[in-house]
Amino acid sequence: MAMIPGDFSQSYERDIAIFRTKTQWVVMVIGLAIMLTFPLFMSNYWLSLFNFIFVTVIAVLGLHLVTGLCGQISLGQSALMCVGAYTVGVLSVKFGISVWACLPLAGLVTGLIGMIFGAPALRVKEFYLAMSTLAAQFIIVWVVSHLEEWTGGQLGMYVPPATIGGFSSASPSNLFYIGFILTIVMIAVAKNIQRTRVGRAFIAIRDNDIAAEVMGINLFRYKLLAFFIGCFFAGIAGWMWAMYLQNINPSQFTLKESLWMLGMVIVGGMGSTTGAVMGAVFVRGLDMIADYASAWAGTVFPTIGEQAFTAFSLIIFGLVIVIFLIYEPRGLYHRWELFKASYRLHPYAY
Amino acid sequence: MKNRIKLVGLVLVCLLVLPLLLACAKAPSATPAATEKVITVGYLNDLSGAISCCGIADQVGLKNYLQYIQDEKRIPGVKFDVVSWDDRYDVSRVAAGYRYLLDKGVNLIVTMAVHQSETMRPMAVADKMLILGYNTSELNIADPIWCFTQQPLTENANASFFNWVTQNWDYQKTGRKPVVAEINWDNSMGKAGAKGAEAYCKSLPDKLDWKGTIVVPPGTMDFSQPALQLNQWGCDYVFSTMVNGPTTNLMKEKNARGYKFQVCTGGWGFVCFKQSKDVGGKDIDGLYWISAEGWHTDGTAGLKLADTICRRYNSASDIEKLGYLENICYNFGLVFGMEVEFLVKGAISAGLDPTNSEVLRGQATKMKIDPQGLYPPMTWSNAKGSGVDKLRMYQIKLVNGVPEPALITDWFDVTKYKK
Amino acid sequence: MEKSDNVKLKIENISLRFGGVQALSGVSLDLREREILGVIGPNGAGKTSLINSISGFYRPQEGDIYFEGKKITRLAPDKIAELGISRTFQQIELYTGLTALDNLMAARHVRMHTNFLDGAIFLGRAQREEVQHRRVVEDIIDLLEIEGIRKKVVGALPYGQRKRVELGRALALEPKLLLLDEPMAGMNAEEKEDMARFILDVYDEKNIPIILIEHDMGVVMDICDRLVVLEFGRKIAEGTPDEIKMNQQVVKAYLGGD
Amino acid sequence: MDKIISLIILGVMVGGIYSLIALGFVFIYKSSKILNLAHGQFLMFFAYVTYTLISQAHLPFVAAVIIVLVLSALVGVFVERFTIRPLMGQSILATIIMTFALGFIVEGIVILISKGYYASLPAFLPTGMWKLGAINISHQYLAILVLTLLLFAACMWFYQGSRAGLAMRAVAEDHITTASTGISVAQTFRLSWVIACLLAVISGLLLSSLYDVHIDLAGYGIAKGLPVILLGGLESMGGALVGGLIVGLAEMFGAGYIDPLVGGGFREVVPFILMVLILMVKPYGIFGLVKIERV
C-alpha cells in the first residue's frame, strides 16, 4: 500500500492495514454506499451485467489465488464453477436443502473436487499440471452431463431462487445486493489470505519452490490448499451463477470461459487482488462495449452483418491481451499504482 | 517508448471510461410519427458459430417478412424494428444476450434452439417477456408458459420419423423388421431426440429393431467410429439430430467406406441445402420436414411466398452466395415474422397495446391465427403441457434449386404411442 | 569463547550418487553446539551436496544424519526446517516477487500457527500474530542493517543487498543451526568484510552453530573455529584453521600436482 | 473379433491424425519452449484461406496451396516478430496467454471471412478403399497416415540432421550461450515459427480433406493435440507419434466398449483420464525429459 507523503505508520497494526488512513476509509465507504444505490435507478440490464461481473470477479479471485499467488496454472476454473452450480442445484432440488445453506456447501464441495484435480501437483509441474487441470475441465463437464438422474444431464436443471421472507434473489436488483455483499466479502477474504501466513507461503512457492520447501513450507500441502481455496471461490461463484441464471446446463461452463478467466488475471496483473478484480471488470466491460460497438456499427454499416461484430469483439479482446502482455505485462494494477504515484507527487515527477 | 506507454495507458483509461459514458448516453430510439407504434423484435441466435448457416438465413427471413408487412401495409400504423444478438451457439452468452435485448427495449424475443429459450425462461418469466422459439422441450412449456414454439417437442419429431419408417417399410418383402438407430449431439436437443425415439421404438418391439443412440459431442469432426458402429449394428435407417455440417461429415464417412445404412435428418439437419452441396457434393439420404398440426400444411404456397419475398428484398448475388432459397431456415424466418404479425394484429384488433409483451402473450395463448387463408387456423394454447401433438411429415427434394416438399405421411398423433 | 563439546549435528558416513556420479562418499563429521565450521574444497568437491543433504533437499543413499540426537536423513525438507535448520543458497534463491520484509515474514512460516481461516478473517488471531512476528523480523532487519529496503521488492535489489536479505531470511526462521552456502561469493572486499561481520554478529547474538561454505581462504581462516576439507566427495582433512594450513593433502588438493 | 480389428485399424488411422496435429505443438515447444495454444486456430485459418482462394478467386487447388504456404510463412514471421519476441524473458504463462490471445484474433478473422459457414475443400486424396472381409481400410486415412509419417521423418531429420535444426536445439537449451556462439536466436525463433505455420497448413489441409472446415476445427485441434503431446512428452517428436496412436486407440476402444455402459461421449474424456493417470506415474510424459533440480 503506497504511502501518503508525510504520513507515517506509528504502529505495526496500522502499517499492515489495507486502509491506513481515515481518508481511505471514508472514500471506500462512500464508494460502496453509492454502489448500493444502483438498484434504485439502474435498469435490469445494468444490474444483471453487474451480477454477471460479480460472478466473474469471485471466480477470477479464486483463480488469482491458485495461479496468481501460488503459481499453479489452472485451466479448469469454469468447470469448477459448474461443480458449485450443480451442488446448489442437486442439494436444493433433490434434497430440499435451503439455498442459503448451499452457499458454503457449494464452496466446500467444489474445494474438495478441486483438490482432487490439484493432487497431481505432488509430482507434476508447470505445463503438465496445467494440462491435468485441463483434464478437469473436460472430465467434470462430462460427468455432470452424464449423471442424468441427479443433474438432468444436457437438458439442464432449474434452481430455485434464494429467498428470505418476501426477499427473493429472482429479481436482478435483489441479486445485486446479494452479489455485492458476497463479492466484497470474497475480495476481503482473498486480500486477507494474501497478506497473512498462508498467502506468503503461496507466493513463496510461486517465486521459488525450492527455497520455499527448504524454508519449511510443505509444498504439496500448500499447493493443495491453494487449489482448495481457489476452487472454494469457484464454488461460491457457481452458486452465484445458479442464482443469476436459475437454469444451469453443463454447456454453460466452457473451456473458453476458463481461458478468459486466466486472461483476466493476466490483464489485471498477476499476483494482486486488486488487479484480479480490475481484470475481471475490465474484460467484462470490454466485452459489453464490443456488443454495443457492434450494434452501433450495425446501424452505420448494415451490410457487414452481425457476425462481423462477434469477430470484432474476439479480435479486440485478443488485441487487448496482446497489448497488455507486450506493453504492460504487470497488468492494470501496475498502471493504477503508477497513476496514483504520479497523482500524489504532482507537480513533481519524483 | 515512454510516449508509447503513455499512449497505451491513455487508451486503456478511455476504454475503462467508455462504459460509463455509454451508461449515460440514451439508447438511440427512432422517433416515429405520433400515430406509429414501433414493435421491437429481439433476435437471439447463432450468427457465427456451429449453426450459423441456419441462424443467418433465419434472421434475414424474419427481417424480410417484417419489411414486407410494412411495405404492404398489412398492419397500418405499426413499424417493426429488429435487434439482433449473436450467441455463437454458446449457452454462456445467452443470458448476456437476453439482458442486452431487454435493454434495447424489445417487445418479444425470437430465438431458435431449446437451450436458448430454456436459459432465458426463468428471466423471461420474471420480466414477463414473450419468447418465440423454433423447437422446444417439456421444461420449456411448463407453466407459466412464456415460450411459444413453431415445432413439436424434439422427442415427438424424432418419434414421428420412426413412425414413417414403420409405415413405409416393406415387412413382407424383406421378411424382417427395419433396424434403426439414432446419432445425436450430446446437448439438450440430441438428448431429447434420443429420449423420444427410444420411447417410440421400444413401444413397438414387433415393428422396429431399435439399436440405440450414439452420442457425439458438439464439434465432433471424426465419425469413423460411430459410422463403424452403425454399420456393425446393421442399421437400415439412422436418424441424425445434428445440424447439417456434422451430418455431412457422417455422410462422407459413410460413402467413403461404402456403408449401407440410410442417414435421414429432420428438425435442424435439413436446413442448409447450399451448405450441404458445398460440403459433400451429395445430398443427405433423406431430408424430412416434420410439421406440427396447423403449421406449414400447405408447404408449396409457403415456399412460393418465400421466393417472392426473398427476390424482392435481396440482391441476386446474396441469394446465390448465401443460398437463401435453398435454405429452409429462411422460411422459418418468414414464419417467425408471420407469428409476430398475427400477435400484433390480434392485439390491435382487440384494442390492446401491441408493444406490451404481456398483451402479446395473451394473444399467443388465446388467439386463432388466420393469415388470410395461407395458413389454416390453429391455436397455440394446445401447445401447453405437451407440445404440439399431431405431426405430419414431408420429404424435401431440391427441384431446380428450390426445395419442394412432398407429403409422405399424414397426421400422426404422438400422444397415442405414449400410452 | 568457551567451547561446548555437545554435538549438535552428526553426519555419519553419508554417500550420495546421481546416476553414475558419486557426489559424496562416506563423509562423516560432527558439529558442536558452539562453533563455526567451515567446509572448503575445490569446485565440485561436494560441498553444496553436503548442505543439500543436511537440509533434506537431496537424500543420501547411504549413511545417516542426526540433529540434536534425532535422525533426519529421510525427513522432508520442510520438516527439517521446522526442526530449526535454516540455510542460504549459493545462487540467491529469494522470493523475487515479495518485498524484503515479506521475504523475512515468509520465513517465519514455521513459527506461525494461524491457518487460512484465521487469515481470511484477519482481525483477531491473524492480526495479533502478524504484529508479534513483525517485531521479531524488525529486530533482524535492524541487525542486518536493511531498514531502507524493507518495502522494496527484492527482485530489483542489488546483489549485495539480496545476499543480506537472504541471510536475514535464514535467520527469521529462528534456526538452531545455520547453513551458509558461499555467502560471500561474488562480493568485493568491503562487502565481504560487512558480511563476515554480520555472520559473527549473528553467531554471537543468536548463539547458534554455523556451517559455512566459502572459497575465500582469508575469511574462512579468520572466522571459522574448525574446517573440513572435501575433495571429490571425500573428506580429506578436518581440524582447526592452523592445522589445515599445514595439511599436505589439502595443499595438494588446492594446488594440484602429485 | 472383426470389431476389435476394425477398432485397432481406426485407432491407428485416427491416431495418425492426432499425431499430425500434435507435431505442430511439439515443433514449437522443442525449439522455443512455447506451448502454442493457437495451433488449432491456425489450422482452421489456413484451411479457410485455401477454401476462399479456391471458391472465391477460382484458383486451381495447387496454386491456392502454394499461395497459402507462402502466406503462412509470412504469418509465422509476423507472429514471431510482433507477439512472441517482445515476450522474451517473461514468464511461461505470459507466452501461453499470448498464443491464446492470438487464437482469439485468428478466430475473429476467420469469422469475418467465413461468417461461420461450413466449407469443404475439393477432394485431393485418393478416396477408394480396400475391403478385407468385414474390415475396410479407407485410402484417404491411409494416405494421411503415410503423409504424417513422412512429415515426422522430415521433421526429425531437420531437427537432428540439419544445421538449422542444430541451431534450434542449441537455442532451446540456452538463449544467451547460443547467442554468444554466433547463432542468431531471433532468426532461429523465426524459422521455428515459420515451420510451425507450414505444418499448420499441411495438417489443416489434410484434416479438411476428411472433414468440413469449420470454427469447431480449432477446438478440435486443441482438445486432441494437447493430451497427445502431454502423453508423449512435450519435447519428443517420437512421443507425439506414439502419444497420438495411444490416444487414437484409447478413444476407439473407449467409444466402442465403454460408451454403451456409461451413456455415450466417453471418447471425449478418455484421452484426459489417460493423460492424468500417466502423468501421475511419469510426470514428464512417456518420452519427456526429466528435469533435475539443483540449487
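Per chain, numbering begins at 1; letters A, B, ... match sequence-line order.
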Atom [atom1] of [X]: over 12 foreign heavy atoms under 6.0 Å:
X        : atom1 : result
A:Arg330 : CZ    : no
D:Ile176 : CD1   : no
D:Lys33  : NZ    : yes
D:Phe78  : CZ    : no

To the nearest 0.5 Å, what is the distance between [atom1] on [X] and [atom2] on [Y]?
X        : Y        : atom1 : atom2 : result
A:Ile323 : D:Thr83  : CD1   : OG1   : 12.5 Å
A:Leu325 : D:Thr99  : CG    : OG1   : 10.0 Å
D:Ile97  : A:Leu262 : CD1   : CG    : 3.5 Å
A:Ile326 : D:Leu87  : CD1   : CG    : 6.0 Å
A:Tyr128 : D:Met275 : OH    : CE    : 11.0 Å
D:Phe104 : A:Ile316 : CZ    : CD1   : 13.0 Å

Side chain / backbone / both / neither for [X] at chain A, heavy atoms under 4.5 Å:
X        : value
D:Leu234 : both
D:Val270 : neither
D:Phe266 : both

Does the side chain of [Y] come within less than 4.5 Å of [X]'s, by heavy atoms?
X        : Y        : value
A:Met131 : D:Leu35  : yes
A:Val322 : D:Met98  : yes
D:Leu230 : A:Leu134 : no

Looking at every heavy atom in both [X] and [Y], which two are closest together, and how far apart are they?
X        : Y        : result
D:Leu112 : A:Ala311 : CG-CB, 3.7 Å
D:Val276 : A:Ala135 : CG2-CB, 3.5 Å
D:Phe100 : A:Trp260 : CZ-N, 3.8 Å

*Sort out for me which of A:Lys256, A:Gln137, A:Met270 touches chain D most, counting heavy-atom pairs under 4.5 Å.*
A:Lys256
*What option among A:Leu259, A:Ile73, A:Val143, A:Val214 has the most heavy-atom pairs under 4.5 Å with chain D?*
A:Leu259
_Please classify the contact of A:Phe138 with chain D as side chain, backbone, both or neither, using a heavy-atom distance under 4.5 Å._
both
*For A:Thr67, is it the side chain, the backbone, both, or neither that has a heavy atom closer than 4.5 Å to a heavy atom of chain D?*
side chain
